[in-house]
Amino acid sequence: MNLQEKILEFMQKEAYKPLTAEDLAEEMGIKGKELKDFWQVLQELEANAAIIKTRFDKYGVPERMNLVVGRFAATSKGFGFVIQDAPKTPEEAQDVFIPPDGLLNAMHNDRVVVRLQAGQPRQGRSREGEIIRIVKRANTRMVGTFELSQNFGFVACDDSRMGQDIFIARENFMGAHTGAKVVVEITKWPDKKRSAEGKIVEILGQKGDPGIEILSMIKRHNLPTEFPPEVEEAAKAVKDSIDEADLVDRRDLRHLPIVTIDSEDARDLDDGVHVERLKNGRFLLGVHIADVSYYVRENSVLDNEARERGTSVYLVD
């Protein structure tokens with residue numbers, strides 16, 4: 001068990017109230033090298049909201065302070081829900097409702113700390129709370145449509161869950177005109193009195209251009225459109241022939257009339273079948289699946305890139 005785990009376990013099971021850092025170290029009996037590392041680990045835990053620092057400089061864990069830490073899922077109607085990190089009970093698995101006046105300045109998918117409303121929720125109603133801290137911002141870049149005003153501009157985000165337009169100062173237009181589909185980078189986060197501010201970093205085209213919605217979707221979800229040079233090189237280096245040594249402990253079926261069953265426009269050709277009539281008049285159906293691991297070795301450049309991407313995304317064109 002590392003020091004971070006030890007601190008969390010102690011605070012979850014032993015610490016009946018929030019403690020100062022000094023009291024926590026003393027209660028846990030931390031000394032020597034561990035004490036040297038203690039302060040840094042405590043800061044990391046607090047930055048990630050695994051523990052919470054009060055205004056009296058005392059530390060506690062959220063579940064003992066009527067707090068919830070999780071991901072904020074906004075709606076286009078001005079309210080949202082917080083999905084709690086690692087729930088341990090059915091109650092914790094229930095999302096926390098956040099009314100419009102409890103959003104602080106959180107945006108969709110931000111990681112937040114929520115103070116739960118006092119008392120038990122009424123039957124059939126969600127837990128309710130208000131966001132009191134934003135732990136980590138999820139969206140540093142967004143896609144939307146640029147609108148030009150006389151002295152400034154703004155971007156209306158494609159994702160209506162973002163809740164508000166992004167103000168663009170004239171020096172950050174990057175030559176965009178009204179109706180342009182753009183990528184905007186946040187330079188100042190919103191607060192109760194001011195909208196988010198940003199600068200245009202890429203102009204994708206004009207609204208209504210052929211293919212512009214697909215391109216906008218790619219940018220909105222940060223989908224990679226190119227492979228790194230080392231991945232391209234590794235793919236080119238894969239052999240397209242089979243050596244005799246490769247046939248050891250394998251059954252060679254290349255004499256069979258195996259055909260792929262993937263369509264002509266499929267992205268991955270990895271399934272094949274063949275059918276043959278047996279002497280007894282019955283048919284034998286062979287179903288063959290490509291052994292991708294033969295070409296893509298574990299922890300290779302190709303494997304690491306595939307793991308990083310995780311999922312194939314198929315777009316309409």
Side-chain angles (χ1 to χ4, degrees), residues 1-5 8 40-41 44-45 47-50 69-74 82-88 93 95 107-112 134-143 158-159 161-162 183 185-186 201-202 204 211 213-243 245-251 258 260-273 287-317:
M1 184 183 297
N2 60 34
L3 182 56
Q4 189 175 96
E5 292 168 338
L8 283 175
Q40 177 66 30
V41 171
E44 291 171 0
L45 288 169
N48 197 38
V69 180
R71 179 178 66 84
F72 176 58
V82 168
I83 303 161
Q84 184 168 342
D85 290 351
K88 298 182 179 68
D95 298 343
M107 302 176 77
H108 181 59
N109 276 336
D110 287 348
R111 191 158 180 268
V112 299
I134 293 162
V135 181
K136 186 177 181 181
R137 292 288 187 177
N139 311 282
T140 56
R141 291 190 175 192
M142 302 175 203
V143 176
D158 285 358
D159 190 342
R161 294 172 297 183
M162 292 305 170
V183 179
E185 183 176 284
I186 303 296
V201 295
E202 188 175 356
L204 304 178
E213 294 305 323
I214 293 297
L215 181 57
S216 297
M217 190 181 299
I218 289 170
K219 294 293 183 178
R220 174 176 154 188
H221 293 285
N222 295 315
L223 303 179
T225 56
E226 296 178 347
F227 290 100
E230 63 272 18
V231 174
E232 294 277 9
E233 290 300 317
K236 290 176 183 176
V238 173
K239 295 188 300 182
D240 57 6
S241 60
I242 299 175
D243 298 330
D246 296 326
L247 297 176
V248 175
D249 295 328
R250 293 177 184 265
R251 189 154 44 122
I258 297 173
T260 63
I261 60 173
D262 297 292
S263 61
E264 186 176 350
D265 61 352
R267 302 298 194 221
D268 52 344
L269 305 175
D270 55 3
D271 302 312
V273 298
V287 180
H288 310 278
I289 311 298
D291 179 11
V292 179
S293 65
Y294 170 78
Y295 298 96
V296 181
R297 301 296 186 179
E298 187 176 7
N299 294 323
S300 66
V301 171
L302 291 177
D303 185 43
N304 290 335
E305 179 69 12
R307 191 182 299 121
E308 179 70 25
R309 291 173 180 244
T311 306
S312 297
V313 179
Y314 295 90
L315 302 172
V316 294
D317 62 347

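What you see is a predicted model, and the numbers here were worked out from it, not measured in a lab.
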Check: Between H108 and M142, does a side chain to side chain contact (heavy atoms under 4.5 Å, CB included) hold up when you go through it step by step?
Finding: CA-CA 11 Å; H108 181 59; M142 302 175 203; over 6 Å; no
Check: Closest approach of V273 and I261, non-hydrogen atoms and distance?
Finding: CG2-CG2, 3.4 Å
Next item on the list: Start with the C-alpha distance between L204 and E202, add both sets of side-chain angles, then the distance that settles side chain to side chain contact (heavy atoms under 4.5 Å, CB included), and finish with yes or no.
Entry: CA-CA 6 Å; L204 304 178; E202 188 175 356; 3.7 Å; yes
Item checked: Shortest non-hydrogen contact from D270 toward D262 -> N-OD2, 3.3 Å
Identify all side-chain donor-acceptor contacts of residues 296-304 below 3.5 Å with residues at least two apart in sequence or on another chain.
| from | atom 1 | to | atom 2 | distance (Å) |
| --- | --- | --- | --- | --- |
| R297 | NE | Y294 | O | 3.4 |
| N299 | OD1 | R307 | NH2 | 3.4 |
| S300 | OG | R297 | O | 2.7 |
| S300 | OG | D303 | N | 3.3 |
| D303 | OD2 | N299 | N | 2.8 |
| D303 | OD2 | R307 | NH2 | 2.8 |
| N304 | OD1 | R307 | NH1 | 3.0 |
| N304 | ND2 | N299 | O | 3.4 |
| N304 | ND2 | S300 | O | 3.3 |

Note to self: Around atom CD of E226, are there more than 12 heavy atoms from other residues, nucleotides or ligands closer than 6.0 Å?
What the structure shows: no
Note to self: Between I186 and T140, does the side chain to side chain contact (heavy atoms under 4.5 Å, CB included) criterion hold? Intermediate values first, please.
What the structure shows: CA-CA 5 Å; I186 303 296; T140 56; 5.6 Å; no
Item checked: Heavy-atom pair with the smallest gap, counting every atom of E232 and F227 -> OE2-CB, 3.8 Å
Next item on the list: Please report the closest heavy-atom contact between R71 and N109, naming both atoms and the distance.
Entry: NH1-OD1, 2.5 Å
Item checked: Side chain proximity check, R111 to N48, heavy atoms < 4.5 angstrom -> yes
Check: What's the spacing between R161 CZ and D159 CG if we round to 0.5 Å?
Finding: 4.0 Å
Margin query: Checking the side chain of D243 only, and the main-chain atoms of A245 only, is there a donor and an acceptor separated by less than 3.5 Å?
Written below: no
Check: Between I83 and A73, what is the shortest heavy-atom contact and its length?
Finding: CD1-CB, 4.3 Å
Notebook entry, point to check: Does a salt bridge link R309 with E305, judged by any charged N lying under 4.0 Å from a carboxylate O?
Noted result: yes
Note to self: When you compare the side chain of V135 with that of D110, does any pair of heavy atoms fall below 4.5 Å?
What the structure shows: no
Note to self: Could you report the tightest heavy-atom contact between D85 and G70, atom names first, then the distance?
What the structure shows: OD1-CA, 3.4 Å
Notebook entry, point to check: Do V82 and D95 pass the side chain to side chain contact (heavy atoms under 4.5 Å, CB included) test, and can you show the C-alpha distance, the side-chain angles, and the key distance before you say yes or no?
Noted result: CA-CA 6 Å; V82 168; D95 298 343; over 6 Å; no
Checklist line | Spatial distance of atom CD (Q4) from atom CD (Q40) [nearest 0.5 Å] | finding: 10.5 Å
Check: Looking at D158 and K219, does any basic side-chain N land under 4.0 Å from a carboxylate oxygen?
Finding: no
